[in-house]
Amino acid sequence: MKYRAMRGTRDILPGETRKWQFAEGVFAGVAKRYGCREIRFPIFEATDLFERGIGEMTDIVKKEMYTFHDRKGRSLTLRPEGTASVVRAYLEHSLARRAGVVKLFYMGPMFRYDRPGQGRYRQFHQVGIEFIGSPDPQADVETLEILVGFLKGLGLRNLETRINSLGCPVCRPGYQQSLRDALAGITSSLCEDCIERVERNPLRVLDCKQEKCRLQFGKLPVMLDHLCGECDDHMKRVEEMLGGIRLPYRVDPLLVRGLDYYTRTTYEVHHAGLGSQSALGGGGRYDGLIEQMGGPPTPAVGFSAGLERALLSLDEEGASPDVAENPDVFIAPADETGEREIPGLTHRLRQRFAVERDYRRRNLKSQFKSAADHGARFVIILGEQEVAEGSVAVKDMESGEQAKVPLSAIEEWLEANLASL
RNA sequence: GUGGGCGUAGCUCAGCGGUAGAGCUCUGGACUGUGGCUCCAGCUGUCGCGGGUUCAACUCCCGUCGUCCACCCCA
């Protein structure tokens, strides 16, 4: 075989696409019940948009972007996430409403030049939500509700929600300094990556998964203890509301998300069945981003979730929905006379039913086998005898019973018998 | 990006210096107008790709690509 799908990309084959349609349908359904409207934006944007929007020192921008030059020499990048593009579109088309929030959802492929592994692809698919324009903690909670509602709607059970607060420009600098001070004392016992992080972005040290680093974290100051009055109040209200809607969660002071633009509330939802790639989705508040991207100061909150991992988790739990797409009827000619009637009858029945047939003029036995493989509910047998008396024989593949039905009444017969399921 | 495992039929895999195999699937038949069970017969391969060692390589060596696992990071 000469051609193969590129590393980190894959085909979603017909046997799988129904699951994807199901997942996207569940997401769109939940999002719409929360008043979100769909937005679709380009697959590629100016490289600069992502560099500014995501953050120069994030891993995504530093080493994971699919960047290329077009014929005019412009630097373009395949979108590695959705938020930057949504904000760009929001500003470009002045979507802001005088009062209230703009609530958007999106779904589609994203691209990151990562090393592929289970649940991680270079072209992967995300669904996401952005609430733009509200500083209210209720917005934070509603987005999290959508995320959890989506995953539960898929049928997932072993979910764990973690939340944290990253503070704001008022309280974070002070905390970062005290964190840096505390880290200075233990630098020698940290991993190489963390030593570098101490200077650049001390918060990210907390995100380290190395055992030797994690052991030290108990003694470090946490953001939650250094929140300013407003941030502290914000966090408390988020927790109150989560309690009010009985959404179980765990406060994780070490939860620091990878993107630079987050402020205050941050959250992730994990699945117990997945190994190292257990994060199904995550998000949080990004009150500074829109201003940073050239817009007016505008609070916002949102999340994104990975479809590959959600579907992987479903398989893990054995909870994948039954999404068979079986034909209602299989039409089998018994002889040459029947063969001649096939095009007309299938065309007629296909105006109302899913009809399958064989294209190889095989014997009846083989056609029945084929009908069973397709999972057809009924088989219509048509031969010289039936044509002569203007009827067809219809066999119910489940009960094995067979009936003779007038050709003129076949639609009504099928309608009645399919409905009786 | 780092370390390790694995690439043999459509699928799951065995083989291991000397003529490429099994099960499932598929096709046909037993059952000449009726599926699922059973039995019989048959089809299918550049042994991932490229070099090297050898009289001889699916087998050993090197490289490469792909894939999986762990780490990094994330979705």
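Each chain gets a letter, A, B and so on, in the order the sequences are listed, and its residues count up from 1.
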Closest approach to the side chain of [X], judged atom by atom: which nucleotide of [options] is it?
X: A:Leu364; options: B:U27, B:U34, B:G3; result: B:U34
X: A:Ala393; options: B:G33, B:U27, B:C26; result: B:G33
X: A:Arg115; options: B:C73, B:U2, B:U27; result: B:U2
X: A:Arg7; options: B:C74, B:G66, B:G33; result: B:G66
X: A:Ala334; options: B:C31, B:G29, B:G33; result: B:G33
X: A:Arg362; options: B:G33, B:A75, B:U27; result: B:U27
X: A:Gln126; options: B:G28, B:A75, B:C31; result: B:A75
X: A:Ile381; options: B:A75, B:U2, B:G33; result: B:G33
X: A:Gln402; options: B:U34, B:G4, B:A75; result: B:U34
X: A:Arg112; options: B:G33, B:G35, B:A75; result: B:A75

Categorize [X] for me: base, sugar-phosphate, or nothing, with a 4.0 angstrom heavy-atom threshold over every strand shown.
X: A:Glu386; value: base
X: A:Gln385; value: base
X: A:Lys369; value: sugar-phosphate
X: A:Gly8; value: sugar-phosphate
X: A:Ser366; value: sugar-phosphate
X: A:Gly383; value: nothing
X: A:Asp335; value: nothing
X: A:Gly338; value: nothing

Tell me whether the NZ or CZ atom of [X] lies within the 45° cone about the ring axis of [Y] and under 6.0 Å from its centre.
X: A:Arg10; Y: A:Tyr121; result: yes
X: A:Arg112; Y: A:Phe124; result: no
X: A:Arg88; Y: A:Tyr90; result: no

Item to complete: Would you check if the distance from the ring center of A:Phe105 to the ring center of A:Phe27 is below 6.0 Å?
Response: yes

Return the pairing partner of [N] with a 3.5 Å limit on both distances, Watson-Crick or G-U wobble; otherwise return none.
N: B:A57; answer: none
N: B:C24; answer: B:G10
N: B:C39; answer: B:G29
N: B:U34; answer: none
N: B:C71; answer: B:G1
N: B:C16; answer: none
N: B:U44; answer: none

Please give, in whole Å, the distance from [N] [atom2] to [X] [atom1]?
X: A:Leu255; N: B:C73; atom1: CG; atom2: C1'; value: 14 Å
X: A:Ile380; N: B:U34; atom1: CD1; atom2: C1'; value: 14 Å
X: A:Leu312; N: B:C69; atom1: CG; atom2: C1'; value: 14 Å
X: A:Asp358; N: B:G28; atom1: CG; atom2: P; value: 9 Å
X: A:Arg162; N: B:C74; atom1: CZ; atom2: P; value: 13 Å
X: A:Glu389; N: B:G33; atom1: CD; atom2: C1'; value: 13 Å
X: A:Phe368; N: B:G33; atom1: CZ; atom2: P; value: 13 Å
X: A:Arg120; N: B:C74; atom1: CZ; atom2: P; value: 10 Å

Practice prompt. May I ask you to evaluate whether A:Asn363 reaches the phosphate of B:G29, defined as a side-chain N or O under 4.0 Å from OP1 or OP2?
Written response: yes

Worksheet item: Do the side-chain N or O atoms of A:Lys365 get closer than 4.0 angstrom to the phosphate oxygens (OP1, OP2) of B:G35?
Response: yes

Looking only at the side chains, is there a donor atom on one of [X] and [Y] sitting less than 3.5 Å from an acceptor on the other?
X: A:Ser165; Y: A:Thr265; value: no
X: A:Tyr267; Y: A:Thr143; value: yes
X: A:Glu130; Y: A:Tyr286; value: yes

Item to complete: Kindly compute the distance separating OH (A:Tyr175) from SG (A:Cys231), expressed to the nearest 0.5 Å.
Response: 13.5 Å

In whole Å, measure the gap between the [atom1] atoms of [N] and [M] for me.
N: B:C43; M: B:C49; atom1: P; answer: 24 Å
N: B:C37; M: B:G33; atom1: P; answer: 23 Å
N: B:U8; M: B:G1; atom1: C1'; answer: 32 Å
N: B:G5; M: B:G63; atom1: P; answer: 13 Å
N: B:G7; M: B:U46; atom1: C1'; answer: 15 Å
N: B:C61; M: B:A22; atom1: C1'; answer: 30 Å
N: B:G36; M: B:G42; atom1: C1'; answer: 23 Å
N: B:A20; M: B:U44; atom1: P; answer: 15 Å

Item to complete: Could you check A:Glu401 against A:Gly282 and say which one's nearest nucleotide on RNA chain B is further toward the 5' end?
Response: A:Glu401

Worksheet item: Looking at A:Phe330 and A:Arg357, what are the two nearest heavy atoms and their distance?
Response: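 Heavy atoms only, the tightest pair is CZ-C, 3.6 Å.
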
